[in-house]
Amino acid sequence: MTENSKTQPQQLDKNYDPLKIEDKWYEFWEESHCFEADPAADGEPFSMVIPPPNVTGSLHMGHALNNIIQDILARYQRQQGRNVLWMPGTDHAGIATQNVVERQLAAEGLGRHDIGRDKFIERVWQWREESGGTILNQLKRLGSSCDWRRERFTMDEGLSKAVREVFVTLYEEGLIYQGDYIINWCPRCHTALSDLEVEFEEHDNGKLWDLEYPLADGGGSIIVSTTRPETMLGDTAVAVNGEDERYRHLVGKEVMLPLMDRRIPIIADEYVDREFGSGAVKITPAHDANDFEVGLRHKLEIIKIMDEKGSMNENAGAYVGLTREECRERVVADLQKLGLLPATKDYQHNVGHCYRCRTIIEPYLSNQWFVKIKPMADQALAAVREGKTRIIPKNWEKTYFNWMENIRDWCISRQIWWGHRIPAWYCDACGKMIVAREDPDCCPHCSSPNLRQETDVLDTWFSSGLWPFSTMGWPESTATLKKYYPTSVLVTGFDILFFWVARMMMMGLKCMDEVPFKDVYIHALVRDEHGHKMSKSRGNVIDPLIIIDKYGADALRFTLASSAAQGRDVSLSEARISGYRNFVNKLWNAARFTLMNLEDFSPDTVIEKSNLSLAERWISYRLNQTIGEVTVALDEYRFNDAAQALYQFTWHEFCDWYLELAKPDLFQNEDAGRRKTAQAVLYRTLDQIVRLLHPIMPFVCEEIWQTLPQVTGAPESIMQTVFPKVAAEFDDALAAHEMAQLMEVITAIRNIRGEMNLSPGQRLAAVISGTDEDTINVLNNSSDCIANLARLTSLTIAKNAVRPPQSAVGLAAGLEIFVPLAGLVDFAQEGARLAKELKKTEKEFAGVSNKLNNQKFLAKAPPEIIEKEQGKHQELSLKLEKLRVNIKTLEQVTES
RNA sequence: GGGCGGGUAGCUCAGUUGGGAGAGCACCGGCCUUACAAGCCGGGGGUCACAGGUUCAAGCCCUGUUCCGCCUACCA
């Protein structure tokens, strides 16, 4: 931008074309260092960390909403003078990324084991170098103003160091332990999953099988029910409730496990629900979490019958080698043959699936690493209870509490290759384990060099849990941490409240001794126009990038902002986006109009308040109110309210009324002072509008702002301007009142025109009759405006003016407006018009009268409400009277 | 099973201390009025899911019913 181009008014194209300018301004912002955060600079800090998208991800509407909200906040706070850091980066997404690269290998006919761990990880890094930046570049197209110099990756060196530091510390404090437990196992990914990574789905094609187990002593049998008959091969007991009289005599006896011919005991355990099924349960400690617990209590044998692929192992007798599905069929068939399958019914139940690959989860006994979560959860609970972190909207707090209170230990080990490898080593010589910050060369216990590192890696969420401080350089003590931690707000969807937010809370409190963020703003899900989840299979996905190409980023941003009402999902449709694209274009054309009228204008012109016209006083006052509303709304994360206020003001007040009212002043050249003032107000108002809109629509606002003339000393970019502040000297309630009267009168005349089907080209005359001197004066002072906007040839305003013959009547602001229509229209229409108006008014009048006739209302309602109703009553009764008189007159006219 | 959110105009939804039912789109009528037809002007349309209750006054507060969505849970 040359100095010249910024001070001289430019021309704008007739239609706004986002593609022409968006890239240009984004580059300009980056080159001008507008996004960069400097901890040494002044300004109260405002910081956010981006929810790191998966490196494998590509931009969808959820990302778009999430980032647009953050960007609005970042840009708004910069304009408020805050020292803003918005930290970007990506997540290594262990299983997801590993799956992507495994698929690539599969295309080459290879498995990961064919190339080995080191080569595989190399391939993943290679993939990451090539494709890992895609999503971040897509975020840039939205306009995201992150400090890209600071981009981090959960697997980069610094973050890996943080991960190891945390792991070792927690281990040393006894908060990380290793043990054999039932975990959720994905037989396809060959790894353990945390409870959160299992998605339950209702299967209505499930079955509940009754199995009959004969007593070992031959004295009858006992029936158990199961949804997973194949697990019976690993049964080591049958349990009944000790209180259950039906079975009490059997406790202590044994049954002969069919197919396996193994004797297993009948035990009593309170876990068994007497009401369900037969009241007896088969116990498979190695393949069911509850059974595992029962097994521990009763010191039962634990028999694993499956391998890690979900196939039957050598403990499954004749069924070895079968998949779990094949095995189920065979077991059922074999029991049938033996007559030990008395009943099978259809049964609806929930089945867990792997959140990455949809494979059915197997509860599986294995050796895993866990975080003892309770102590950390307690801290995280307290922090929210004490208000150190606010969750917005507040109703999510309850969900957070509920989950935190019932949290179970977190399984953090994963049997995959891509991720942070657990820093534990096993010494083959002495059998001891070493957990250390630095890779050991030899065993510190026995000095043996034969160490094997743990092959498991950490759950991806372990590293993302550290994100708010690891990205700022922790465990080093950096200037960035000092300035920007804790962050101001975390913006995220509720779907990762537990996965991520809760873990950041726990890790932040543990490592930094301080909450990671003061606010958590939870936004909704983006759905399609009928409220359905967007999904590829439904075919209702709206791709943000295509939308940006078609309508521009600003239109998308404004749409999402205006739809983002707190606590409610966003229903998005392309029609809505195109509607807001029209708004962008409207603003654009308002700017065009403004520029066309500023050729001879100096932006340094000072506005003399006493010179302002009514319209100018009004628009300045309304601007003030809008500034106030938008500021409060953005401070409270009410983005839809901010967008709505700006839309209404810009389009329906600034464009629809003010620009029309300003035209006569701008177009005339008899009164130079009047024109100068009009230019100054026009310029000021538009300048403030684009600054107010900048957080939501940065691109078009920058283009307009750059094209507008600038005051001396203006900054380089609209990003660096100050957010408009309420200017008390323009507060002017009287102007608002008078303007409302003016607008009412103009609308009344337009209504007559519209209802009578008179084209705008058809000029009319009008006579306004009133009784109130003040109102008459107001209208007289603005009679040119009325004539202009109502398209009149002549206008007479007088006290008790005479009604011209054959005129239509409009009632507004306590006035009668006569529009002579002799020879112009069929007068029958006027009768219908007035009758309609009368009906409406009578209804309103009846409502108010009822209220005022109610003694209780008069006795109990606050005086100001009563006064208001009385005022309305009087106004309406006058209006009714006038209407009736006019209808009567009309009847006489048409009769004659 | 527990919890949460929602049922307001044809559609998608706003409606923050209870006091005149709103927006956008769609629809109807009139307009190329020299910033914008991606526009301008005017208009029609709602027993605010249902039933009770509190109150002078309820879309808003309370109770119940019903329908829809989501989260959560170890009933085999």
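Quick note on labels: first sequence line is chain A, next is B, and so on, each numbered from 1.
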Has the side chain of A:Lys14 got a donor or acceptor atom sitting under 3.5 Å from an opposite partner on the base of B:C36? no
Ranking B:G42, B:G19, B:U12 by distance to the side chain of A:Phe857, first place goes to B:G19
Which residue, A:Ser759 or A:Gly754, contacts RNA chain B at a nucleotide closer to its 5' end, judged by nearest heavy atom? A:Ser759
Between B:U33 and B:G42, how many Å separate the two C1' atoms, rounded to a whole number? 15 Å
Using the C1' atoms only, state how far B:U12 lies from B:G7, rounded to an integer number of Å. 14 Å
P atom, B:C28 versus B:G44: distance in rounded Å? 16 Å
Closest to the A:Asn350 side chain: B:A35, B:A73, B:G24? B:A73
Candidate pair A:Lys282 and A:Thr231, rule side chain to side chain donor-acceptor pair (under 3.5 Å), full reasoning: CA-CA 9 Å; A:Lys282 59 191 275 309; A:Thr231 61; 2.7 Å; yes
Determine the interatomic distance between P on B:A26 and the same-named atom on B:U65; round to the nearest Å. 42 Å
Of all the choices, B:A14, B:A35, B:U33, which nucleotide is nearest to the side chain of A:Ala565 once you look at every atom? B:A14
Between B:U63 and B:G29, how far apart are the P atoms? Round to whole Å, please. 49 Å
Looking at every non-hydrogen atom in both residues, tell me the closest pair between A:Val255 and A:Ile222 and how far apart they are. CG1-CG2, 3.8 Å
Given the P atoms of B:A14 and B:C61, what is the spacing between them in whole Å? 15 Å
Work out how far the C1' atom of B:G6 is from that of B:G15, and round it to whole angstrom. 15 Å
Is a side-chain donor or acceptor of A:Glu660 paired with a backbone partner of A:Trp657 at a separation under 3.5 angstrom? no
Could you check which of B:C56, B:G43, B:A38 has an atom nearest any side-chain atom of A:Arg581? B:A38
Closest nucleotide among B:U33, B:C13, B:G30 to the A:Arg791 side chain: B:U33
Please confirm whether the backbone N or O of A:Asn402 pairs with a side-chain atom of A:Asn406, one donor and one acceptor, at under 3.5 Å? yes
Give me the distance, rounded to whole Å, that separates B:C4 from B:A76 when you measure between the C1' atoms they each carry. 29 Å
B:C40: pairing nucleotide in any strand, Watson-Crick or G-U under 3.5 angstrom: B:G30
Which nucleotide, B:U12, B:A14, B:C36, lies nearest any side-chain atom of A:Asn589? B:C36
